[in-house]
Student: 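The following block contains the structure, expressed as structure tokens.
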Amino acid sequence: MKLPIRKYGDPVLRAKGKPIEKVDDKIRALVQDMLDTMEAANGIGLAAQQVGEALLLTVIDVSQVEDRPSTLKMDGKTIDDLETVMPLVLVNPIIALGNEIEPGSEGCLSFPDITADIDRAVTVEVEAETLEGEKVQLEASGLLARALQHEVDHLNGILFIDRMSSVSKASLGSRLKRLQKETERL
């Protein structure tokens, strides 16, 4: 079921996610709803906070993006065809950033029609659990690394505007205020 995506100004977007102790039917249903919501919005990632749940849970699918390549190793094995493992469902993810940083364009489903260049690590390593409760280790680069950083930020109450340069943020100031006011009226 498609859920409403929370927009900038909603306090849940600033909430730190709570760890998921046990994956039950409620969490499985939430994951399916998050996948439906992400797909309907043509997104590549969605954090639980974006649908109103302050949990350490995110879904990601970059398999259909052709102009911004990604690499992925899962548990040390190179994944040549991302479609075979996407969408990723990550429970309680922990991220470690590589040292090299590069700017890249980002948007966010909680900030409609707003994009900016954000500096992010080129590579990341992520430890998480699957819906089956198994541990998984990911090594990613490219768009997938960027999406993982963006979504894990959400899980910690950090928004992509917090990572913008002050110049970018200032240039978007009136649009951000308008979006925040629209959200507060809901």
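The figures that follow rest on heavy atoms only: side chains count, while hydrogens, waters and symmetry mates do not. Residue numbers count from 1 along this sequence.
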Student: Is there a path from Leu176 to Leu13 through hydrophobic residues (I, L, V, M, F, W, Y) whose side chains come within less than 4.5 Å of each other?
Tutor: yes
Student: Linking directly or through intermediates, with side-chain heavy atoms under 4.5 Å: list the remaining ILVMFWY members grouped with Val122, chain and number order.
Tutor: none
Student: Using the rule that Ile, Leu, Val, Met, Phe, Trp and Tyr join whenever any side-chain heavy atoms are under 4.5 Å apart, tell me whether Leu57 and Met1 fall into a single cluster.
Tutor: yes
Student: Starting from Leu56, walk the hydrophobic network (Ile, Leu, Val, Met, Phe, Trp, Tyr; side-chain heavy atoms closer than 4.5 Å) and list everyone else you reach, by chain and number.
Tutor: Leu155
Student: Please report the shortest heavy-atom distance between Val62 and Met86, naming the atom on each side.
Tutor: N-SD, 3.7 Å
Student: Taking all non-hydrogen atoms of both residues into account, name the closest pair between Gly107 and Thr115 and its distance.
Tutor: CA-CG2, 4.1 Å
Student: Do you know the tightest heavy-atom contact between Lys22 and Ile27?
Tutor: O-CG1, 4.2 Å
Student: My understanding is that only residues two or more places apart in sequence, or in another chain, count here; which of them pass side-chain hydrogen bond (donor to acceptor under 3.5 Å, both in side chains) with Thr130?
Tutor: Glu132
Student: Would a distance-only check, ignoring hydrogens and angles, find a side-chain to backbone donor-acceptor pair under 3.5 Å from Glu127 to Ile94?
Tutor: no
Student: Could you tell me which residues satisfy side-chain hydrogen bond (donor to acceptor under 3.5 Å, both in side chains) with His154, sequence neighbours excluded, listed by chain and number?
Tutor: His150
Student: Are the side chain of Asn92 and the backbone N or O of Pro19 linked by a donor-acceptor pair below 3.5 Å?
Tutor: no
Student: Strictly by salt bridge (charged side-chain N to carboxylate O under 4.0 Å, His left out), give each pair with a member in residues 23-34 just once, sequence neighbours left out.
Tutor: none
Student: Measuring from atom OG of Ser110 to atom CD of Gln49, what distance do you get when rounded to the nearest 0.5 angstrom?
Tutor: 9.5 Å
Student: State whether the side chain of Thr58 and the backbone N or O of Leu90 hold a donor-acceptor pair below 3.5 Å, judged by distance alone.
Tutor: no
Student: Give me the atom names and distance for the closest heavy-atom approach of Ala48 to Met34.
Tutor: N-CE, 3.5 Å
Student: To the nearest 0.5 angstrom, please state how far the CG atom of Leu109 sits from the CD1 atom of Ile5.
Tutor: 4.5 Å
Student: Roughly how far apart are Leu172 CG and Ile161 CD1, rounded to 0.5 Å?
Tutor: 9.0 Å
Student: Roughly how far, to the nearest 0.5 Å, is OG of Ser171 from CE of Met164?
Tutor: 8.0 Å
Student: Mind running side-chain contact (heavy atoms from CB on, under 4.5 Å) on Arg68 and Arg146 for me, showing each step along the way?
Tutor: CA-CA 11 Å; Arg68 293 178 74 180; Arg146 181 169 293 278; 3.5 Å; yes
Student: Please name all residues satisfying side-chain hydrogen bond (donor to acceptor under 3.5 Å, both in side chains) with Gln64, sequence neighbours left out, ordered by chain then number.
Tutor: none
Student: Quick one: pull up CG in Leu148 and CD1 in Ile60 and give me the separation to the nearest 0.5 Å.
Tutor: 4.0 Å
Student: Are the side chains of Leu138 and Leu88 in contact, using a 4.5 Å heavy-atom criterion?
Tutor: yes
Student: If every non-hydrogen atom of Thr78 is compared with every non-hydrogen atom of Lys73, which pair is closest and at what distance?
Tutor: OG1-CE, 3.6 Å
Student: Are Leu159 and Leu179 connected, step by step, through hydrophobic side chains (Ile, Leu, Val, Met, Phe, Trp, Tyr) whose heavy atoms are closer than 4.5 Å?
Tutor: yes
Student: Could you tell me which residues satisfy salt bridge (Lys or Arg N to Asp or Glu O under 4.0 Å) with Lys135, sequence neighbours excluded, listed by chain and number?
Tutor: Glu129
Student: What residues form a salt bridge (Lys or Arg N to Asp or Glu O under 4.0 Å) with Arg120, not counting sequence neighbours?
Tutor: Glu106, Asp153
Student: Do Glu39 and Asp61 have side chains that approach each other closer than 4.5 Å (heavy atoms only, starting at C-beta)?
Tutor: no
Student: Search all heavy atoms of Gln50 against all heavy atoms of Cys108 and return the closest pair with its distance.
Tutor: NE2-SG, 3.7 Å
Student: Are Val89 and Val85 linked, directly or through intermediate hydrophobic residues, by side-chain heavy-atom contacts shorter than 4.5 Å (ILVMFWY only)?
Tutor: no
Student: Can you hop from Met38 to Val65 via hydrophobic side chains spaced under 4.5 Å?
Tutor: no
Student: Check for a donor-acceptor pair, side chain of Glu184 on one end and backbone N or O of Gly9 on the other, with a separation under 3.5 Å.
Tutor: no
Student: Does CG belonging to Asn99 count more than 12 external heavy atoms closer than 6.0 Å?
Tutor: no
Student: Measure the spacing between OG of Ser165 and CD1 of Ile118 and express it to the nearest 0.5 Å.
Tutor: 7.5 Å
Student: List the residues meeting salt bridge (Lys or Arg N to Asp or Glu O under 4.0 Å) with Asp162, not counting sequence neighbours, and say none if there are none.
Tutor: Arg14
Student: Could you tell me whether a side-chain N or O of Thr37 sits under 3.5 Å from a main-chain N or O of Leu3, the two making a donor and an acceptor?
Tutor: yes
Student: Among all residues two or more places apart in sequence or in another chain, which pass the side-chain hydrogen bond (donor to acceptor under 3.5 Å, both in side chains) test with Gln32?
Tutor: Asp36
Student: Scan for ring-ring contact (aromatic ring centres under 6.0 Å, His included) pairs involving residues 88-136, sequence neighbours excluded, and state none if there are none.
Tutor: Tyr8-Phe111, Phe111-Phe160
Student: Does some side-chain heavy atom of Thr123 sit less than 4.5 Å from a side-chain heavy atom of Glu139?
Tutor: no
Student: Please, which pairs that meet ring-ring contact (aromatic ring centres under 6.0 Å, His included) have at least one residue in residues 37-77, sequence neighbours excluded?
Tutor: none
